[in-house]
There are 2 protein chains.
Amino acid sequence: MTDLQIFETAGETELKILDAAKKIFSIKGYDGARMQEIANEAKINKAALHYYFRSKDKLFELIFKFCFKKIYNNLGEIIEKDMPLKDKIKFMTENYIDFISKNQYLIPFIMTELAKNPDRFVKVIKESDVKFKSENFINQIKKEAKAGNIKEIDPFQLFMNIISMCVFPFPAKPMLCAILGISELKYKKMMEERKKIIADFIMDSLINPVHRE
Amino acid sequence: MTDLQIFETAGETELKILDAAKKIFSIKGYDGARMQEIANEAKINKAALHYYFRSKDKLFELIFKFCFKKIYNNLGEIIEKDMPLKDKIKFMTENYIDFISKNQYLIPFIMTELAKNPDRFVKVIKESDVKFKSENFINQIKKEAKAGNIKEIDPFQLFMNIISMCVFPFPAKPMLCAILGISELKYKKMMEERKKIIADFIMDSLINPVHRE
DNA sequence: GTCTATAATTTGATAGAC
DNA sequence: GTCTATCAAATTATAGAC
């Protein structure tokens, strides 16, 4: 049910609160979230909130750290997998679109809060003790390019292309629906279709023989 | 200097306020923005703010509408241009990355506020009286595909791919820098490089002969 | 139109009974 | 540990002098 098992020492009430806080903070952001609303969501008294977590700031930091790690670890796991490039790209896109579908608010939340307050979280991120192991993926790209199996491309740019095409349509959904005049339903169907086609779109670009004269 | 000439009836003081409000709202969002801060930024008294715009809500709606239209019109202009597909994609990507570079906060602002409050702005958007003219672009894709010049692809998906790869790296900058362990400077250089390569990445995928057996 | 002062409201946080 | 009642601070909004 909940994904907050990380907080191993937390009792039942604390978990209820954390769950509620995750929901409210990730939807409304730090500034828009109200302690009262979190209390209601957790079906608990507002005073109990402060009893357990002392302040809004402290509670928020816990949630932010948790969400950041979740995104981070998911990406890390995907990118470290040991498989052929073509399979990996297929795996990355499908897995990532799935992950985001199931965690609609996660990316916009972290993206927004990190943008609003870049330095506030330098310490949070350092504390999280995360070191992205991208060498595997980066080297794989370079090797395939050198072998002539794909075209030359900056691995970071490729990585960014993949992530962009998977992630952006989700936080941008309301904006794109508004701009393009698309209904929620049609948009949802497009996203399902998208899962199938992105990997091909990328691979077609990478193995295009035109650029290997 | 300012881009708010749209408010034709606005006097000098009103423009100063609107400029300040745009800056503060787009950086901090509705919930994070303080009327006092907007007043300071405009070098004007807080009471004058309310004298001119009555309430935070009313001021925010003006700014939101303005920013939404700006994104919308820019996209519309680009997509309606009458030129060959290859040139258009080159033009779209370069132009859009430029536009976003110069308006760093615009996209995340509209994206976030629209996501936080989808129905609040249904009326705003309807009032904006905007109808996206995508037929030109959509038909162009279909025609080129039928002629065998590019592979078959859903025009909306292609459109989404282009926009995603141009836009996402900007709102996601702090997050990606944090996750990938890249410095601000290196990221900026990557974005410049990006402007040159995105169009090729897309065209390579579209004209890949592998899929036209 | 612009300012100072202040009202009215919201909201994070705490005291203290049980 | 949990609740009610309440404080203290912040913030939107207005009144009224100039």
Side-chain angles (χ1 to χ4, degrees), chain A residues 2 4 7-66 109 112-113 116-117 120-121 124, chain B residues 2 4 7-66 109 112-113 116-117 120-121 124:
Chain A
T2 182
L4 291 152
F7 300 96
E8 291 163 5
T9 60
E12 199 185 335
T13 311
E14 278 150 298
L15 274 182
K16 263 183 6 189
I17 295 174
L18 286 167
D19 238 358
K22 193 182 75 160
K23 183 174 172 187
I24 302 297
F25 276 134
S26 63
I27 292 176
K28 309 223 166 173
Y30 180 85
D31 294 319
R34 297 288 162 252
M35 293 298 264
Q36 184 61 61
E37 211 179 348
I38 295 174
N40 294 344
E41 179 73 29
K43 290 179 175 51
I44 210 177
N45 193 280
K46 190 169 59 137
L49 259 185
H50 285 90
Y51 172 78
Y52 280 106
F53 295 97
R54 186 134 193 103
S55 75
K56 187 182 181 183
D57 255 49
K58 290 221 192 325
L59 181 55
F60 180 78
E61 270 204 11
L62 284 176
I63 298 298
F64 179 85
K65 244 190 242 184
F66 169 79
F109 170 57
T112 307
E113 295 299 332
K116 251 193 307 194
N117 217 326
R120 176 180 187 175
F121 299 114
V124 171
Chain B
T2 181
L4 291 152
F7 301 95
E8 291 164 4
T9 60
E12 198 186 335
T13 310
E14 277 150 298
L15 274 181
K16 262 181 11 189
I17 295 174
L18 286 168
D19 238 359
K22 193 182 75 160
K23 182 173 172 188
I24 302 298
F25 275 135
S26 63
I27 292 176
K28 309 224 166 172
Y30 179 85
D31 294 318
R34 296 290 163 251
M35 293 297 265
Q36 184 61 60
E37 213 179 346
I38 295 175
N40 294 344
E41 179 73 29
K43 290 181 175 50
I44 209 176
N45 193 277
K46 191 170 58 139
L49 259 186
H50 285 90
Y51 172 78
Y52 280 107
F53 296 97
R54 186 135 194 104
S55 75
K56 187 183 180 182
D57 255 48
K58 291 224 193 322
L59 180 56
F60 180 78
E61 270 204 12
L62 284 176
I63 298 298
F64 179 85
K65 245 190 241 184
F66 169 80
F109 170 57
T112 308
E113 295 299 332
K116 250 193 307 196
N117 216 327
R120 176 180 188 176
F121 299 114
V124 172

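Each chain gets a letter, A, B and so on, in the order the sequences are listed, and its residues count up from 1. Quick caveat, the model's predicted, so the values are computed rather than measured.
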Between D/dT12 and B/Arg34, is there an OP1 or OP2 to side-chain N/O distance shorter than 4.0 Å?
yes
Check: protein-nucleotides 13-16 of chain C nitrogen or oxygen pairs below 3.5 Å:
from: C/dA13; atom 1: OP2; to: A/His50; atom 2: NE2; distance (Å): 3.1
from: C/dA13; atom 1: OP2; to: A/Lys56; atom 2: N; distance (Å): 2.7
from: C/dA13; atom 1: N6; to: A/Lys46; atom 2: NZ; distance (Å): 3.0

Less than 3.5 Å apart, any donor N or O on the side chain of B/Asn117 or B/Glu113 sitting next to an acceptor on the other?
no
A/Phe25 CZ to C/dG12 C1', straight-line distance once rounded to whole Å
11 Å
Interatomic distance where CG belongs to B/Asp31 and P belongs to C/dT10 [whole Å]
15 Å
Is A/Lys58 paired with A/Glu61 through a side-chain N to carboxylate O contact shorter than 4.0 Å?
no
Students often mix this up, so state it plainly: with edges at 30° and 60°, are the rings of A/Phe60 and A/Phe109 parallel, tilted or perpendicular?
perpendicular
Value in whole Å for how far the C1' atom of C/dG12 lies from CZ of A/Phe60:
16 Å
When all nucleic acid strands are considered with a 4.0 Å heavy-atom cut-off, which category describes B/Ala39: base, sugar-phosphate, or nothing?
nothing
For B/Lys16, give me all partners under salt bridge (Lys or Arg N to Asp or Glu O under 4.0 Å), at least two apart in sequence or on another chain.
none
Quick check: do B/Leu59 and B/Tyr52 have side-chain heavy atoms less than 4.5 Å from each other?
no
Pairwise side-chain contact, B/Arg34 with B/Lys56, heavy-atom cut-off 4.5 Å (strictly under):
yes
How many Å lie between NZ on B/Lys43 and C1' on C/dG1, as a whole number?
20 Å
So which one's nearest nucleotide on DNA chain C is more toward 5', A/Ala33 or B/Ala48?
B/Ala48
